[in-house]
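Atoms considered below: every heavy atom in the structure, side chains included; atoms not considered: hydrogens, waters and symmetry mates. All residue numbers refer to positions in the sequence shown, counting from 1.
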Amino acid sequence: VSVAQVKGQLASCRILPRIPALRSTLRSMVDAVVCGAGAAGLAAGAALRKAGAEVVVLERTDQVAASWRSRYPALRLNTPGWMSTQPGFRAKRRRYGEYPTRDEWIRYLEEYTAHHQLDVRFRTEVERISRGAGTWLVHTSDGVIESPTVVMATGFDHDPYLPDWPGKEGFTGDLIHASEYVDPTPYRGRDVLVVGPGVTGTELAFHLVEGGAARVRVSSRTSPHFYQRKWLGVPMQILGIPLNHLPLRVADVATWSTERIIFGDLAPHGLPRPSVGMGTRIERNQQSPACDDGFVAALKA
């Protein structure tokens with residue numbers, strides 16, 4: 001048989017095009033699949049593994065905590081590390097700091113993964129999920145995984161949203177989402193507008209002022225609530241725990257009184273009293289107050 005005949009037979013069989021289709025039919029069976037190797041996904045994986053389940057954590061990038069790695073280096077937790085501890089592995093202050101930085105928290109999540117010996121499969125993207133015979137079929141870039149339990153942990157704020165403002169196409173300056181911000185260096189000597197003084201907006205506005213921006217303005221549709229990481233030497237989260245057990249109206253009055261004592265009246269500086277109390281906004285809108293890391297002082301100045 002000649003070489004040409006063999007090549008012809010192989011071509012007629014179309015073996016190579018069938019390989020991807022064959023791979024997509026390969027299945028493995030586990031007790032649970034977790035989609036996403038961020039903080040929530042790793043915590044879910046650890047809890048399920050502790051309960052005796054065989055768990056696979058799927059991550060489309062090549063590292064855990066991908067969202068944290070994409071944030072600006074100056075980012076740090078607004079809650080103490082010991083209050084942000086994941087299940088089964090304490091975030092010790094001596095090792096990760098009182099309020100862990102971005103890089104410290106990434107290291108914690110890496111060590112958390114190793115501590116629980118989690119089976120994280122990197123560079124594995126979930127393409128779709130379908131219903132099987134009493135189970136779920138998780139179709140990935142590396143085959144199909146069958147499991148009775150699937151946990152979606154891809155992130156609440158995974159996809160940045162930039163409003164489609166009229167005139168955006170013709171704007172000649174830089175227009176970026178907060179998720180693209182790295183540091184204030186590119187904005188030295190420039191006029192910057194920060195849209196939305198929430199948890200991230202107030203922090204970035206202060207970083208821009210400290211970094212040498214010529215002018216920083218903030219556009220606010222609704223006035224934010226503020227708190228400090230610590231007050232009278234005590235983390236504010238500890239002081240706020242009892243508020244969870246109070247009626248919303250009482251919690252709103254208590255938090256507003258505390259805000260007024262700490263920050264004073266911000267109405268002369270463009271931020272009148274919010275129309276919705278802090279407790280109500282947290283409970284009904286899941287909107288956290290802004291942690292003041294220098295923003296209020298810069299605003300008053």
Side-chain angles (χ1 to χ4, degrees), residues 36 38-40 43 67-68 70-72 74-81 83-84 99-100 102 105 152-165 176-181 193-208 216-231 235-267 269-299:
S67 293
W68 277 94
S70 67
R71 303 309 184 202
Y72 51 97
L75 178 65
R76 66 169 56 243
L77 290 185
N78 291 329
T79 52
M83 292 187 72
S84 308
Y99 292 90
R102 182 200 70 170
W105 200 244
M152 300 304 300
T154 52
F156 177 77
D157 58 352
H158 183 274
D159 299 316
Y161 171 69
L162 197 63
D164 189 21
W165 288 304
I176 69 168
H177 187 271
S179 61
E180 301 175 57
Y181 173 86
L193 170 65
V194 178
V195 181
V199 178
T200 301
T202 54
E203 187 167 300
L204 296 191
F206 177 66
H207 288 173
L208 290 164
V216 178
R217 289 177 284 184
V218 175
S219 172
S220 176
R221 182 172 56 184
T222 57
S223 293
H225 286 282
F226 292 97
Y227 76 99
Q228 291 182 329
R229 288 192 177 94
K230 279 186 171 182
W231 187 44
M236 289 294 288
Q237 283 77 15
I238 295 178
L239 300 176
I241 289 175
L243 297 176
N244 295 328
H245 306 283
L246 296 176
L248 287 181
R249 181 174 298 181
V250 177
D252 288 343
V253 173
T255 52
W256 172 246
S257 300
T258 305
E259 284 185 88
R260 191 61 181 266
I261 292 172
I262 297 175
F263 303 108
D265 183 12
L266 299 182
H269 306 284
L271 293 178
R273 178 175 178 173
S275 58
V276 179
M278 184 188 297
T280 300
R281 189 171 285 181
I282 294 173
E283 176 70 21
R284 296 180 180 174
N285 302 338
Q286 289 77 53
Q287 184 177 354
S288 300
C291 180
D292 178 50
D293 202 19
F295 172 83
V296 173
L299 179 69

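For the pair Val276 and Gln287, the minimum side-chain heavy-atom distance is 4.5 Å or more. Side-chain contact between Pro235 and Thr79 is absent, with no heavy-atom pair separated by less than 4.5 Å.
Here the shortest heavy-atom pairing between Leu243 and Ala254 reads CD2-CB, 4.1 Å. The minimum heavy-atom distance linking Arg71 with Arg102 is given by the pair O-NH1, 2.6 Å. Shortest non-hydrogen contact noted between His207 and Tyr72 is CE1-CE1, 3.9 Å. Scanning all heavy atoms of the two residues, the minimum distance from Ile262 to Trp231 falls at CG1-NE1, 3.6 Å. Heavy-atom minimum distance, Val194 versus Gly201: CG1-O, 3.7 Å. Contact detail for Pro224 and Pro274: the closest heavy-atom pair is O-CG, 3.7 Å.
A donor-acceptor distance shorter than 3.5 angstrom exists from the side chain of Arg76 to the backbone of Tyr99, with no hydrogens or angles considered. The main-chain N or O of Gly36 is never found under 3.5 Å from a side-chain atom of Thr154 such that the two would form a donor-acceptor pair. A donor-acceptor pair under 3.5 Å is absent between the side-chain atoms of His225 and the main chain of Gly279, judged by distance alone.
Atom-to-atom distance recorded for Thr255:OG1 and Arg281:CZ is 10.5 Å, nearest 0.5 angstrom. Leu75 CG to Thr200 OG1: the interatomic distance, rounded to the nearest 0.5 Å, is 7.5 Å. Here the CE atom belonging to Met236 is positioned 11.0 Å from the CD1 atom belonging to Ile238, to the nearest 0.5 angstrom.
Checked against side chain to side chain contact (heavy atoms under 4.5 Å, CB included), Val195 has the following partners two or more places apart in sequence or in another chain: Trp165, Leu193. Remark: Asp159 pairs with no residue by the side chain to side chain contact (heavy atoms under 4.5 Å, CB included) rule, at least two apart or across chains. Scored by the side chain to side chain contact (heavy atoms under 4.5 Å, CB included) test, Asn78 finds Val199, Glu203, Tyr227, Arg229, Cys291 as partners (sequence neighbours excluded).
By the 30° and 60° cut-offs, the orientation of the rings of Phe295 relative to Phe226 is parallel.
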